[in-house]
Amino acid sequence: MIKFLRLKPFLFGNGGQKQTIAKNTLWLTGGEIISRFLKLCLVVFAARILGVEGYGRFSFAFSVCSLFVLLADLGLPSIVTRELVKNKKNEAHFGAIVSLKAALSAASLGLMWLASFVVSQDPVVGKAVRILSFYILIDSVDMIIYSFCRARQQMQYEALARTFEVFLIVLAGFFILFKCPDPLALSWAHVGASAFPLAILLFIFHKRILPLKPSFDVFLWKRYLLLAWPIGLSAVLARVYGTIDTVFMLSL
């Protein structure tokens, strides 16, 4: 307990440039390692339980959603972090940014639902795409909140939130696969287990960090979209390169 109290200023405070960099690096690296390990455990278990056909359906649906969700991102998190770091007064724009994110998410959700009816003749895949579209958008909303924390050099909140979310997804995934080994059940496990941490994250952010007040400012929307589109385009190309093989192979 005494050792933790001594480490608390280092782990949760910003006491200088070197300490802040070391702290944030430690949190993000540790969180990423733990999250990836937990995801790997779920992937291995799901592949064994669902088999080639079942997990193939889930993987295909996930890849399809990953292609369309980039519309809801468009490089905004990186630009938001940069703009907030440049001038703290830009935090006043965050309500408009969240509203822009909501509009882009709604458009992305519509496209994913439309795509679910044409990407495959398998009804299970179509349903999985529609279910996982909510999970992908939840993850996208998480990123815009994390961009604010990154601007304030408080990456420990991102690491803790992401690790907690992945832990719940893995826990729900194992439970669901034991009870109902089905791709659709696994999809619902992802949605339910990610929605709960998002609700907590938004509540804490609204109460403790910055009140979330939606603002429909077309001028600000245009400004941030013009800044973000090059990053968004590069992300689209990278995601297409990384997932298009899965989409093509499983759609044959």
Side-chain angles (χ1 to χ4, degrees), residues 1-47 59 62 66 69-70 73 75-82 84-85 91 94 101 132 135-177 186 189-210 231 234-235 238-239 242-243:
M1 186 64 178
I2 297 177
K3 291 183 179 180
F4 174 76
L5 293 176
R6 291 177 179 176
L7 287 174
K8 187 176 180 180
F10 172 79
L11 292 174
F12 294 95
N14 292 342
Q17 185 177 21
K18 292 183 179 179
Q19 180 269 334
T20 301
I21 293 174
K23 178 206 69 172
N24 290 330
T25 301
L26 178 64
W27 275 108
L28 290 181
T29 302
E32 191 69 16
I33 291 174
I34 295 173
S35 297
R36 287 182 179 272
F37 175 74
L38 291 175
K39 287 180 180 179
L40 176 63
C41 293
L42 180 59
V43 168
V44 172
F45 184 73
S59 180
F62 199 96
S66 297
V69 78
L70 293 171
D73 189 286
L76 274 178
S78 299
I79 292 300
V80 170
T81 299
R82 190 192 73 178
L84 297 187
V85 169
E91 290 184 1
F94 199 66
K101 186 71 172 180
L132 286 172
Y135 165 70
I136 295 293
L137 289 181
I138 289 172
D139 188 63
S140 179
V141 173
D142 286 340
M143 291 305 299
I144 205 67
I145 301 298
Y146 297 153
S147 68
F148 189 96
C149 297
R150 290 181 180 184
R152 288 195 173 183
Q153 299 294 311
Q154 298 289 343
M155 278 72 156
Q156 66 269 24
Y157 299 123
E158 176 182 348
L160 289 171
R162 288 182 69 87
T163 303
F164 178 62
E165 178 185 350
V166 172
F167 174 77
L168 288 184
I169 290 173
V170 172
L171 191 65
F174 272 85
F175 178 79
I176 287 294
L177 289 172
L186 181 60
H190 277 71
V191 175
S194 59
F196 178 64
L198 175 61
I200 296 176
L201 179 64
L202 290 176
F203 178 80
I204 294 175
F205 186 88
H206 179 74
K207 293 293 185 180
R208 302 293 297 272
I209 301 177
L210 184 74
I231 298 176
S234 64
R239 186 64 63 88
T243 60

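Everything numeric in this text was worked out from a predicted model, so none of it was measured. For this chain, numbers begin at 1 and follow the sequence in order.
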Open item on the list: Quick check against the 3.5 Å criterion: does Thr81 have a side-chain atom that pairs as donor or acceptor with the backbone of Ser147?
Closed with: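 Checked: pair present.
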TODO: Would you mind reporting whether Lys101 and Ser140 have side-chain heavy atoms less than 4.5 Å apart?
DONE: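 SC-SC contact between Ser140 and Lys101 confirmed.
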Open item on the list: Is the shortest side-chain heavy-atom distance between Ile79 and Arg82 below 4.5 Å?
Closed with: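 Yes, side chains in contact.
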With rounding to the nearest 0.5 Å, note down the distance linking [atom1] in [X] to [atom2] in [Y].
X: Leu38; Y: Arg36; atom1: CG; atom2: CZ; result: 12.5 Å
X: Asp142; Y: Leu202; atom1: CG; atom2: CG; result: 8.0 Å
X: Trp27; Y: Glu158; atom1: CH2; atom2: CD; result: 12.0 Å
X: Ile209; Y: Leu201; atom1: CD1; atom2: CG; result: 7.5 Å
X: Ile169; Y: Phe164; atom1: CD1; atom2: CZ; result: 11.0 Å
X: Arg162; Y: Met155; atom1: CZ; atom2: CE; result: 13.0 Å

Closest heavy-atom contact between [X] and [Y]?
X: Ile138; Y: Val191; value: CD1-O, 4.0 Å
X: Glu165; Y: Asp139; value: OE2-OD1, 4.5 Å
X: Ala193; Y: Ala172; value: CB-CB, 4.0 Å
X: Ser35; Y: Val166; value: O-CG1, 3.6 Å
X: Phe62; Y: Ile136; value: CZ-CD1, 3.9 Å
X: Asn24; Y: Gln153; value: ND2-OE1, 3.1 Å

Task: Phe174 atom CZ: more than 12 heavy-atom contacts under 6.0 Å - done: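 Enclosed: over 12 neighbouring heavy atoms sit under 6.0 Å from CZ of Phe174.
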- [ ] Apply side-chain contact (heavy atoms from CB on, under 4.5 Å) to the pair Glu91 and Phe148, showing each step before the final yes or no.
- [x] CA-CA 8 Å; Glu91 290 184 1; Phe148 189 96; 3.6 Å; yes
Open item on the list: Does the plane of the ring in Tyr135 sit parallel, tilted or perpendicular to the ring in His190? Use 30° and 60° as the thresholds.
Closed with: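 Perpendicular, since the angle between the ring planes exceeds 60°.
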